[in-house]
Amino acid sequence: MSKKVLVTGANGQLGQSIRKMSGDYPQYDFIYIDIEDLDSTSPAAIEEYFNQKSCDFIINCAAYTAVDKAESDQDLAEAINHLAVKALAEICKQKDMALIHVSTDYVFDGQNFRPYVETDSVAPQSVYGMTKLKGEQAFQNCAAKGAIIRTSWLYSEFGQNFVKTMLRLGVERDKLTVIFDQIGTPTYAGDLAKAILDSLFQLETKTAELYHFSNEGVCSWYDFAKAIFDLRLVSCQVAAIETKDYPTPAKRPHYSLLNKSKIKQDLNLDIPYWRDSLVRCLAALQG
């Protein structure tokens, strides 16, 4: 009998990436829901939903990800990124289900000089990062089965993201300015989806385990933009600027490289290099 996997936030980048490759995992019966199926801003609605339905795994892809907008929309960010996660973790604990929850590199302040490990101190610098951290802590305090997976700079052929924005602007403009002093790693949502689906049975035996996952390698947003244009032969010029030259409502970490040694060792994962994954995403966009 196949195990049931419920994917929340199914219309987002990661949710759609999981849906795209679900046919490769016939051992699972996938159920996809989004805000129109379950109001994730309401813990009562979440509880009522799971009083009527059950599953073996919840992959929580639902999140408030508008980083700058969250600065003035804290209540909604708090409801989705914290209180909904708390409600899901409590239900999973009660019903012996496993929760895989996706978090962010923005829980760090970006002042490190080496890639962040899971045990490093957290100090979010934005409302988005703060609410995501509170979601992590609620899951850990509940001690439900499953794992928290922090990731960074997510992009895909789905939804809105940096890759799609650069491709659009690269056609509309002759020259762009892109920040060069924020350092991290782009993560292709397809790679994160595969890592989660390949590891579900192993994650089911964990208890609120914390992992880091991104693609391999390191770059700045400037390097990322240059790679996108180089691979797609876009002639738009890219000039490097500092963060101070592009002020935003939310403060971003200057350095948020994630150390992936733990997840590679525990789950036996082979993680692709970021530029190789970008090639695959661009091919999917053209396909």
Side-chain angles (χ1 to χ4, degrees), residues 1-10 12-34 37-38 40 43 45-63 80-104 107 118 132-151 154 187 189-213 260 262-269 271:
M1 185 177 177
S2 59
K3 294 209 168 191
K4 287 186 179 179
V5 179
L6 180 76
V7 181
T8 66
Q13 292 192 80
L14 183 57
Q16 291 191 73
S17 297
I18 291 172
R19 190 193 297 262
K20 181 179 178 179
M21 62 180 58
S22 60
D24 296 334
Y25 299 86
Q27 67 270 40
Y28 299 122
D29 178 16
F30 290 91
I31 305 159
Y32 300 98
I33 62 172
D34 212 286
D37 308 296
L38 173 61
S40 55
I46 294 172
E47 183 176 2
E48 183 180 350
Y49 182 90
F50 286 100
N51 281 338
Q52 301 173 40
K53 301 185 190 310
S54 65
C55 58
D56 299 289
F57 301 93
I58 299 173
I59 304 176
N60 184 37
C61 304
I80 297 172
N81 293 343
H82 170 211
L83 298 178
V85 180
K86 182 174 185 287
L88 288 173
E90 289 173 347
I91 286 163
C92 286
K93 178 73 171 180
Q94 175 190 337
K95 293 181 174 268
D96 196 34
M97 302 185 298
L99 175 63
I100 290 82
H101 172 63
V102 180
S103 192
T104 176
V107 299
E118 288 81 356
K132 291 294 286 185
L133 176 60
K134 288 166 78 173
E136 289 184 11
Q137 292 169 336
F139 185 174
Q140 290 171 319
N141 290 338
C142 186
K145 290 196 308 183
I148 299 156
I149 302 177
R150 291 176 181 148
T151 193
L154 201 67
T187 304
D191 291 336
L192 176 55
K194 184 177 188 303
I196 291 171
L197 294 176
D198 283 349
S199 308
L200 273 183
F201 274 123
Q202 292 162 279
L203 294 174
E204 188 178 22
T205 65
K206 308 289 183 182
T207 302
E209 194 67 71
L210 182 59
Y211 287 115
H212 287 171
F213 182 96
K260 298 166 284 288
K262 179 181 176 184
I263 198 168
K264 287 192 289 187
Q265 181 175 341
D266 282 10
L267 305 180
N268 193 30
L269 294 179
I271 302 176

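Predicted model only: the values in this text are computed from it and were never measured. When a residue number appears, it is its place in the shown sequence, counting from 1.
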Is [Y] close to [X] at the side-chain level, that is, under 4.5 Å between some pair of heavy atoms?
X: Q140; Y: I148; answer: yes
X: Q94; Y: F50; answer: no
X: L6; Y: I59; answer: no
X: S17; Y: L192; answer: no
X: K134; Y: N81; answer: no

>> Let's go through L203 and E209 carefully: what are the C-alpha distance in whole Å and the side-chain angles of both, what is the deciding distance for side chain to side chain contact (heavy atoms under 4.5 Å, CB included) to 0.1 Å, and is it a yes or a no?
In response: CA-CA 8 Å; L203 294 174; E209 194 67 71; 6.0 Å; no

Heavy-atom closest pair, residues [X] and [Y]:
X: Y32; Y: G15; result: CE2-O, 4.4 Å
X: A144; Y: F139; result: O-CE2, 3.6 Å
X: L269; Y: A195; result: CD1-CB, 3.9 Å
X: L99; Y: C92; result: CB-SG, 3.7 Å
X: A10; Y: D34; result: N-OD2, 3.1 Å
X: E118; Y: L210; result: CG-O, 3.3 Å

> Which residue, L200, V5, I58, forms the side-chain contact (heavy atoms from CB on, under 4.5 Å) with I100?
Replying inline: L200

>> Using a 6.0 Å cut-off, check whether atom NZ of K86 has over 12 heavy atoms from anything other than its own residue.
In response: no

> Is the number of heavy atoms from other residues, nucleotides or ligands under 6.0 Å of K262 NZ greater than 12?
Replying inline: yes

> salt bridge (Lys or Arg N to Asp or Glu O under 4.0 Å): which pairs involve residues 191-202, sequence neighbours left out?
Replying inline: D191-R280, K194-D198

> Taking only residues two or more places apart in sequence, or in another chain, which ones meet H212 in a ring pair (Phe, Tyr, Trp, His ring centres under 6.0 Å)?
Replying inline: F108

>> Pair D29, S2 - check side-chain hydrogen bond (donor to acceptor under 3.5 Å, both in side chains), show working.
In response: CA-CA 6 Å; D29 178 16; S2 59; 4.9 Å; no

>> Strictly distance-based, threshold 3.5 Å: is any side-chain N or O of T151 a donor or acceptor partner for the main-chain N or O of T104?
In response: no

> So, E136 and K132, do they make that salt bridge, N to O below 4.0 Å?
Replying inline: no

>> I want to know whether F30 and F57 have ring centres closer than 6.0 Å.
In response: no

>> Does H101 form a side chain to side chain contact (heavy atoms under 4.5 Å, CB included) with N60? I'd like the steps, not just the answer.
In response: CA-CA 5 Å; H101 172 63; N60 184 37; 3.0 Å; yes

> Going through the checks in order, is the side chain to side chain contact (heavy atoms under 4.5 Å, CB included) test met by K260 and Y211?
Replying inline: CA-CA 8 Å; K260 298 166 284 288; Y211 287 115; over 6 Å; no

> Going by the side chain to side chain donor-acceptor pair (under 3.5 Å) test, which pairs reach into residues 47-56, not counting sequence neighbours?
Replying inline: none

> Where do I31 and V7 land on the side chain to side chain contact (heavy atoms under 4.5 Å, CB included) test, with the steps shown first?
Replying inline: CA-CA 6 Å; I31 305 159; V7 181; over 6 Å; no

> Should the ring pair Y28 and F201 be called parallel, tilted or perpendicular, given that the plane angle runs from 0 to 90° and is split at 30 and 60?
Replying inline: tilted

